[in-house]
Each structure stands twice: as C-alpha cells, then as structure tokens.
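Each chain gets a letter, A, B and so on, in the order the sequences are listed, and its residues count up from 1.
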Amino acid sequence: MATLYSECPMANARDIRQHLESLVNAAVRDAVAAGDLPDVALPEAPLERPKDAANGDFASTLPLRLARAAMKPPLEIARAIAAHVPADPSIDPPTVAPPGFINLRLSAAFLQRQIEEVIASGASYADLALGRGKKAQVEFVSANPTGPLHVGNGRGAAIGDALASALAAAGYDVEREYYVNDAGTQTDTFSDTLYARYQQLFGRDVPIPADGYPGEYMVELAGEIKREAGDTYLSPPGEAAPAALGQLGIRLMVDRIRETLGAFGVHYDQWYNEKSLYDAGGAFQEVMALLRERGHLADREGATWFTSSELGEDKDNVVIRSDGRPTYYASDIAYHYDKFVRRGFSLVIDVWGADHHGHVSRLKTATGAIGGNPENLQVLLYQLVVLKRGGEVVRLSKRGGEIITLDELIEEVGKDAARFFFLLRSPGAQMEFDLDLAVKQSSENPVFYVQYAHARLASMLERAREQRLSAEDGDVSRLTQPQELALIREMMRLSDVIETVATTFEPQHLPHYAMSLATAFHAFNDAFKQQSDPSLKVITEDEALTKARLRLVLAAKIALARVLGIMGMTAPDRM
RNA sequence: GCCCCAGUAGCUCAGGGGAUAGAGCGACCGCCUCCUAAGCGGUAGGCCGCAGGUUCGAAUCCUGCCUGGGGCACCA
C-alpha cells in the first residue's frame, strides 16, 4: 500500500497547511518572474478554511490583499497566481472565485491517505508538539472546603479538566491541581459554624454565627463527627471551638469534594494546601522577604501593603492585616511564587469564577514582581451559571437558600451530559443551565447525538467481525463518495481544534467539533443505508469496498473517541 | 465614577476582518421489508443592541451610547 501513496509525500494533516502556503508562495514568485505580477511586497495572508465546503479546503486571500499595491483587479491577480501553482499530489488544480479568492481542494488520494495516518496514530491521533514537553499547570475548581460543590463549580471543573487534556494533547507536560483554602477567615467561620452545630447536638442552645453557613450539610457533618467521635471535641460551655474540630471538618469536606469530582471524572495530580505556604521554609516567608528586599512592601496604618500602584495598579493592596494575619492576596502571591519559581511551571492556568475578576490584574502584577512572567499566567474566567428550573431563574450561592449541588446534577443528568453542556458555552458567556431540560435526558440532548455516533461506529466494526470481515487489508483508494471524503475532512480538523484550544484556552471548540464530526458520520452512514443500491452500504457484497469502508469507520471511531476523551466523556460502544 | 464580560434565528448559543451569517432545541414537510430512526433530507425564521469611523471588504477592528452580568475590601 505504501507505494500507492509514495507520490504524495506531504500526506499529513498537521503540516498540510504549511505545505500549501509554500505552494502559493512559490506560485507568486513564478508569477512575478514570468511578468504576470508586479514585484511588490507581499502582505501576510495565511490560508483560510472556507466556511462553505464548495469553496475548497483552503483558500488564499492574497490577491485581495495585493490588489492595491499591485494596482490590478484582485480576480486577475488570483488567476495569475493560480496558474503558477505547481502541480502537487496533495491537491487538485486550484480554482479562483470572485472577488479574488484562490481555492485549494485536497485531492482524493491525499484524503484517503489520512485514514492510514489516523489508524497508525491510534489513541495519540492529532497529538501536537506545541508544548514541547514544557511544564504546564492547570489549577481549577479550588472551591473553599466550606460546603459541597455546586453546579457552578461543575462548570469550572469541566473547563479546567478539558483544557488540561487539550494541553496534554498539544504536547505539554500537564499537572492538574486543586488549591485547598484551609487557612483563611472563611475557614474560621466554617469551624465556628461546625462547632455550633456540634454543640446543638449535645443540647446546647447556641446559634450559628451571623455570617456562618446555614446549610443542612453542616448539621449532617456535625452528626457524622458525633457518631464517629462522640463528645471528643466538646469544650466547656462558652469556650472557643477546639482547633482540631475545624481541621477535621475541613478534611471531611475535602474528602467529599474529592469524591464528587471523582464521580465527575476529574482526578488531580496535586491537592495543594494553602496552609503549607506558611510552614517553616514555606513560600510565604520567602516571598515576603523577596518583596521586602525589592522595595515592594510598605508598612502603614498598622498593616503591610504591597505597593502595587508603583507597578501600574490602581492602588496598593494589603498583604498583612493590622492584626498580623495575611490576606488571601498574600497567600495567592506566595502560591504563585511557588508555581513559577519553586516548581518552575512555564505555563500556569488558573480557572476562576468571574467574581474573582478584580483579582486578576493585581495577581499578574505580583507575579511579575516576584520573578515570574505574567504572560505565562493565564487566568481563565468563567461566568457564573444561571440555573433555570420551571422557567424560574435560580441564583447560585453557597450561602443563599437553594443550592443545587454538583452531586445532584451528576445524579440527574450524568457526568457526560453535564460536562458537554458546560463545555459548549464559551467560558466568558453567561450560561443558562435548564435543569428541566437537562433532566429530560431525551434526544434533545446533543451529548447523545455524539455518543450515539461512536456507538454506531463500534457496532459496525462488531458486525463486520461477526461476518469475519477484517479492515486490516482494506484499500482506502476505493473510497471516493462525497460523504466518505467529507468524513475524512472532518477527522482531519481535530489537530486544528486541539491547537486552537491549547493556544486560545477556549474549550468550547471541542464539543462543537465533536458535533460536526458526528454529523459527518451520520451523513456518511445514512447516505448508504437509505439507498436502494446495496453496493452503497458500508457492509456490502463487494468485500474489497466493505473492507475499505471499515477502515474509514475504524479511523472515524479513533478520532471521535479522542475528542470525547479530551472532553472527559466516555465513548460508549453500545447505547 | 472606573474596569472586565456579554448583547447574533422564537429559545440556548457558536463564529470574532473576507465569499449567500451557522448549530442545537422548538415549528412545519418528507424518509425505517432496518449494518441501533438516540438517525437523515428539506422548509420557515436574522437592520449580528444603536450611531458614527477605519478598510477593497465589518457581525468581527476603533470611538461613543443603550441594556444585562461581574468587579473595584485589612472577604475569598
């Protein structure tokens, strides 16, 4: 089979664009040399992917950009360049279209060869070397362990985990991290609330703190501790809560969060405790000394300030309160010092809820001040989720009345559907999560559409196995139907999608791509099964054609499974 | 007051200088003697928030305004 394609050396989806650009550039040089085109400076004109497949696979807008300088109508320039594009096995002869596009269409031979590329790559299909093994860290969710995760945290989990997977596919050495806020004021409030609930179980009439956590889960947590440890944590009436109780409560909450995320399919490499920043030899002391040394700290009004206004911020910010306790901001500076300087990540992504927006700029400024490169810190903000139930909008709040936990969501709609929906929207857009709709779990749910395509691909291969048909020696040059070639084109886009996600940090391209890949498959499948001509079925009487199609089916399954995997979804063989 | 995000089909949202602006859902019309119809084909539905500007070309970039959300703590 190798000889069949030996005339097609650039047969690789990854660098076809570059190859085609070089063809166009060569054509321009030849056109100039032949006197068909004036010798003017060339503007940047990367090849585009036409929206409409009728316009080919790639298009150059060079003639449009060249028109003014060359003082010629763009269409004329397009013809001149197109005429000089050298013959190449990867493309059909170029065409031109008004007002001045040069359209390039990949050849059937090139497309067919992609099937072999996909199968040869297998599970690593569409992997890129963009990251070149550089260390990247994605920190996400990192919700305070003062309550169960809610639906909004689920959005952060889906985004962060998919982003981490996409970066790994793009060649980064990726670590997933959860930052456990176990040292701040909210932790104290949590402890006080827990102790109040705990005492209530022993008949003491104590209220929970005014700014405490009123949720029922705190009562359950106290009950759990009482069952396990009895009155071990009970101090004499009126005395403060024993520190050990708060620590135990936090530990139990973190366990619960870890379980929830596990059920969501998210697994971390590292659970990083804020507290450890303050250990002997921890990052906090070191970074404060560094800031002091560099003249970024000022003591006034009894507090210690980071003089960020000197570095372009609107104002200075307190890092150590007048009572001696560090602020959250101080923790975060130390934490990012640890990420960049101590651990040496060259790309750090923080996935935060949009309510942390005000914190972004000053953290970047601080990152620069402590020896990190702010450009390598990407803070990805996602808008909070607006829940809708029964047409009614429900705001998410850990302190408010109604909480929909992530556990409940997973229970009701499944982790695959939940993840898909969360990824579907760009992080910056407020999204509406219609619980009634999601709970339906009907065909309206696009996640089934994508997974069903995978199940169908699997069942075709299964059917072929039953009939002792192997895809091993299929000759893909038999595949010339438009639906077959369209499916290959769609498979080829995956590396582009991964590159886009890994460079723009916009995971919504993943589910959108998955849907169009599934659509291309369904069109392929249906085209053949609906027709009366049995030779058009995937599994036909023509054994050679059948084997060729099975090869395509195998490749399509690999591509679809890959994108599902990056999204953290399962790729079912049966539904 | 200042900063950030959003405003695109009835609904939820993609697209973010190029060719007739897309998808899903909803509506309407077709398609299973079946390799899963959880599917496919088709129709209807848009001054891309408003007004200027830049450009050969603007939903996309710039300016201003309107609307919704978020932020501007010795909270996190």
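Using N1 to N3 plus N6-O4 or O6-N4 for Watson-Crick, or N1-O2 and O6-N3 for G-U wobble, each under 3.5 Å, B:C2 pairs with B:G71. Applying the Watson-Crick and G-U wobble criteria (two distances, each under 3.5 Å), B:C40 pairs with B:G30. Pair assignment for B:U55 gives none, since no Watson-Crick or G-U wobble pairing has each distance under 3.5 Å. The partner of B:G46 cannot be assigned: no Watson-Crick or G-U wobble pair with both contacts below 3.5 Å exists in any strand. The partner of B:G10, taking Watson-Crick or G-U wobble pairs whose two distances both stay under 3.5 Å, is B:C25.
Within the nucleic acid shown, A:Glu48 comes within 4.0 Å of at least one base atom, counting heavy atoms only. Using a 4.0 Å heavy-atom cutoff across all strands shown, A:Ala453 reaches no nucleic acid atom at all. The residue A:Arg325 sits apart from the nucleic acid: no heavy atom pair falls under 4.0 Å. Among the atoms of the strands shown, base atoms are found under 4.0 Å from some heavy atom of A:Glu301. Within 4.0 Å (heavy atoms only), A:Pro74 reaches no atom of the nucleic acid at all. The residue A:Ser331 sits apart from the nucleic acid: no heavy atom pair falls under 4.0 Å. Nucleic acid contact for A:Asn103: base, since at least one base atom lies under 4.0 Å from a heavy atom of the residue. Contacts of A:Asp52 with the nucleic acid, taken as non-hydrogen atoms under 4.0 Å apart, include base atoms. In this structure, A:Arg463 reaches the sugar-phosphate backbone alone: every heavy-atom distance under 4.0 Å involves primed, P, OP1 or OP2 atoms, never a base. If you check every strand for non-hydrogen atoms under 4.0 Å, A:Asn55 touches a base. Residue A:Ala59 is in base contact, counting any heavy-atom pair closer than 4.0 Å across all strands shown.
For A:Phe448, the listed nucleotide lying nearest its side chain is B:A38; candidates were B:C74, B:U12, B:A38. Considering only the side chain of A:Tyr328, B:A76 comes nearest among B:A76, B:C74, B:U55.
Within the 4.5 Å cutoff, the side chain of A:Tyr178 has no heavy atoms near those of the A:Phe140 side chain. Between A:Ser426 and A:Glu506, every side-chain heavy-atom pair lies at or beyond the 4.5 Å cut-off.
Side chain to side chain, A:Glu274 and A:Ser331 meet the donor-acceptor criterion of an N or O pair below 3.5 Å.
Between the base of B:G70 and the side chain of A:Gln430 there is no donor-acceptor pair shorter than 3.5 Å. With hydrogens and angles ignored, a donor-acceptor pair closer than 3.5 Å exists between the side chain of A:Ser322 and the base of B:C74. For a distance-only test at 3.5 Å, the side chain of A:His522 fails to qualify as a donor-acceptor partner of the base of B:G39.
Ring centroid separation for the pair A:His357 and A:Trp352 does not come in under the 6.0 Å cut-off.
If you find the closest nucleotide of RNA chain B to A:Met515 and to A:Pro427, the one lying nearer the 5' end belongs to A:Pro427.
Annotation: cation-pi geometry satisfied between A:Arg49 and A:Phe58 (NZ/CZ under 6.0 angstrom from ring centroid, within 45° of ring axis).
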